[in-house]
Protein chains: 2
Amino acid sequence: MRTVEAILEAMHERGCRVTGPRRVIVEFVLEQCEPFSAEDVFRALRRVQQTIGRATVFRTLDLLAELGVVERVHHPSGTHRYVVSSDGHRHHVVCIRCGRVAEFSGCNLEPILASIADQTRFRILDHWLELSGLCQTCQGETMAVSR
Amino acid sequence: MRTVEAILEAMHERGCRVTGPRRVIVEFVLEQCEPFSAEDVFRALRRVQQTIGRATVFRTLDLLAELGVVERVHHPSGTHRYVVSSDGHRHHVVCIRCGRVAEFSGCNLEPILASIADQTRFRILDHWLELSGLCQTCQGETMAVSR
DNA sequence: GATTAGTTGATACTGAGTATCATAAGGAGC
DNA sequence: GCTCCTTATGATACTCAGTATCAACTAATC
Ligand SMILES: [Mn+2]
Ligand SMILES: [Mn+2]
Ligand SMILES: [Zn+2]
Ligand SMILES: [Zn+2]
C-alpha cells in the first residue's frame with residue numbers, strides 16, 4: 001500500500017507540483033476503504049479546509065486515476081465512484097446492500113479473452129469486470145430480515 | 001431477434017399501453033446495431049415526429065431495459081448508452097476507435113466467480129463484463145496510419 | 001529573491017437525467 | 001362506437017455531476 005509521501009513524490013516526478021490541496025486530498029483518499037464520490041471528498045474536506053475548490057477535487061481525482069492510485073468504478077446512477085487500488089491488476093465486488101467493496105486478484109480471464117477475440121475478431125485491449133452481490137455481513141442480515 | 005410487434009405485445013401484457021411514441025421509439029431502437037444514447041434517439045425522432053418529448057424517450061428506454069430489450073452499457077464519459085440485446089445472457093466488446101460493438105456468448109465465468117466467492121466471502125449475484133479493443137477494420141487502419 | 005509555468009478556486013456554464021402537472025389518449029367494458 | 005378511468009405525454013422547470021474560464025496565487029528552479 002502506498003504512502004502519502006510516495007504518491008506526492010510520484011506527482012513531482014511527473015512534473016506536477018506538490019500543493020496543499022493535493023496533499024490534503026491524497027491524505028483523505030488513502031483513508032477510504034469503501035468507494036467514494038468526488039462530492040464525498042469535497043464535502044469532507046470543506047469541513048477541514050474551507051477554501052478548497054470543487055474543481056480542484058475533480059482535477060486531483062483525475063490525476064490520481066492517471067497515476068493508478070485510485071480506480072474509477074461505475075455506479076448504476078451513472079456517476080463515478082473511486083476506490084483506492086492496491087498494487088497490480090485488481091477487480092471489485094460491491095455489496096448491493098451496504099456498499100462494502102472487496103478486491104480480488106487473479107481474475108484469470110486470459111483463456112476467456114482469447115476465445116472471445118477468436119469469436120469476434122476483435123483485438124482485446126482492456127477489460128472491465130465488476131461483480132455485485134452480498135457481503136458476508138449482509139448475507140446474514142438479509143436472511144434474518146426477509147426470511 | 002425480436003420484432004416491433006412482439007415487444008409492444010410484451011408491454012401490453014405487462015399492463016402498459018401501446019402508444020404512438022413508444023411504437024416509434026421501439027422501431028428506431030431495433031434498427032440500431034451500435035450503442036446509442038437517449039439523446040441520439042431523441043434527436044433522430046424529433047426529425048420524424050416533432051412533438052416527441054425528451055422525458056418520454058428516457059422513460060421508454062427505462063421500460064425497454066426492464067423488458068430486457070436493451071441493455072445499458074457504461075460509457076467512460078459517465079453517461080448511459082444502450083445496445084439492443086439478443087436473447088440470452090450476452091456481453092459486449094466495444095471498439096475504442098469507431099464504436100462498433102460485437103456481442104459474444106458463452107462467457108463461462110462460473111469457475112472464476114466461484115473462486116472469487118470463496119476468496120471474498122461474498123455471495124455473487126450479478127456480473128458485468130465489458131471488453132474494449134479494436135475491431136477487425138480498425139486493427140488494419142491503425143496499423144496503416146500509426147506504424 | 002526574482003522568474004515562470006503550473007495550480008487554485010470563484011464563477012458561470014453545459015448536458016444528462018428527473019420532478020411536476022395539466023392535458024391527451026389507450027383500452028376495457030358496455 | 002361511446003364512456004370512464006387510468007396511464008402516458010410533453011412543456012417546463014429543476015437538480016446535479018462535471019467542465020471551461022480566468023485572474024490571482026504559489027511551488028520549484030536558478
Ligand atoms: Mn482482470
Ligand atoms: Mn456473463
Ligand atoms: Zn454488505
Ligand atoms: Zn472499430
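Sequence lines set the chain letters: A, B, ... in the order given, protein chains first and strands last, and positions in each chain run from 1.
Here the nucleotide nearest the side chain of B:Arg22, chosen from C:dT18, D:dA8, D:dA27, is D:dA8. Of the candidates D:dA28, D:dG18, D:dT7, the closest approach to any side-chain atom of A:Ala38 belongs to D:dG18. Closest to the side chain of B:His12, from the set C:dA28, C:dT8, C:dT18, is C:dA28. With C:dG17, D:dT9, D:dA28 as the candidates, the nucleotide lying closest to the side chain of A:Val18 is D:dA28. Listed nucleotides: C:dA10, C:dT18, C:dG9. Nearest to the side chain of A:Arg46: C:dA10. In the set C:dA5, D:dG18, D:dT9, the nucleotide with an atom closest to the side chain of B:Thr56 is D:dT9.
Between A:Ile52 atom CD1 and D:dT26 atom C1' there is a gap of 15 Å when expressed in whole angstrom units. The distance between atom CZ of A:Arg54 and atom P of C:dC13, rounded to the nearest whole Å, is 16 Å. What separates CG of B:Leu8 from C1' of C:dG27 is a distance of 15 Å, to the nearest Å. In this entry the distance linking CZ of A:Arg14 with C1' of D:dA28 reads 18 Å, nearest Å. Taking atom CZ on B:Arg23 and atom P on C:dA25, their separation rounds to 16 Å, with Å as the unit. Atom pair A:Leu45:CG and C:dT8:C1' shows a separation of 15 Å (rounding to whole Å applied). Summarising the geometry, the separation between CD on B:Glu39 and P on C:dT18 is reported as 13 Å, rounded to the nearest angstrom. One interatomic measurement links the two molecules: CG of B:Asp62 to C1' of D:dT9, which rounds to 15 Å at whole-angstrom precision.
For the OP1/OP2 pair of C:dG17 and a distance below 4.0 Å, the side-chain nitrogens and oxygens of B:Thr79 include no atom meeting the criterion. Between B:His80 and C:dT18 there is no side-chain N or O to OP1 or OP2 distance below 4.0 Å.
Counting only residues at least two apart or on different chains, the salt bridge (charged side-chain N to carboxylate O under 4.0 Å, His left out) pairs with a member in residues 6-15 of chain A are A:Arg14-A:Glu66.
Shortest non-hydrogen contact noted between A:Phe58 and A:Ala38 is CE2-CB, 3.5 Å. The two residues A:Val4 and A:Glu27 come nearest to each other via the heavy atoms CG2-CG, 3.8 Å.
Residue contacts shown for A:Arg59 include a base, since a base heavy atom lies under 4.0 Å away. Among the atoms of the strands shown, none is found under 4.0 Å from any heavy atom of B:Ser37.
Checked by distance alone, A:Arg17 brings a side-chain donor or acceptor within 3.5 Å of a matching partner on the base of C:dA5.
A salt bridge is absent between A:Arg81 and A:Glu71; no separation between the charged side-chain nitrogens and carboxylate oxygens falls under 4.0 Å.
Mapping A:Thr60 and B:Ala55 onto DNA chain C via the closest heavy atom, the residue that lands nearer the 5' end is A:Thr60.
Not one N or O on the side chain of B:Arg17 forms a donor-acceptor pair closer than 3.5 Å with the backbone of B:His12.
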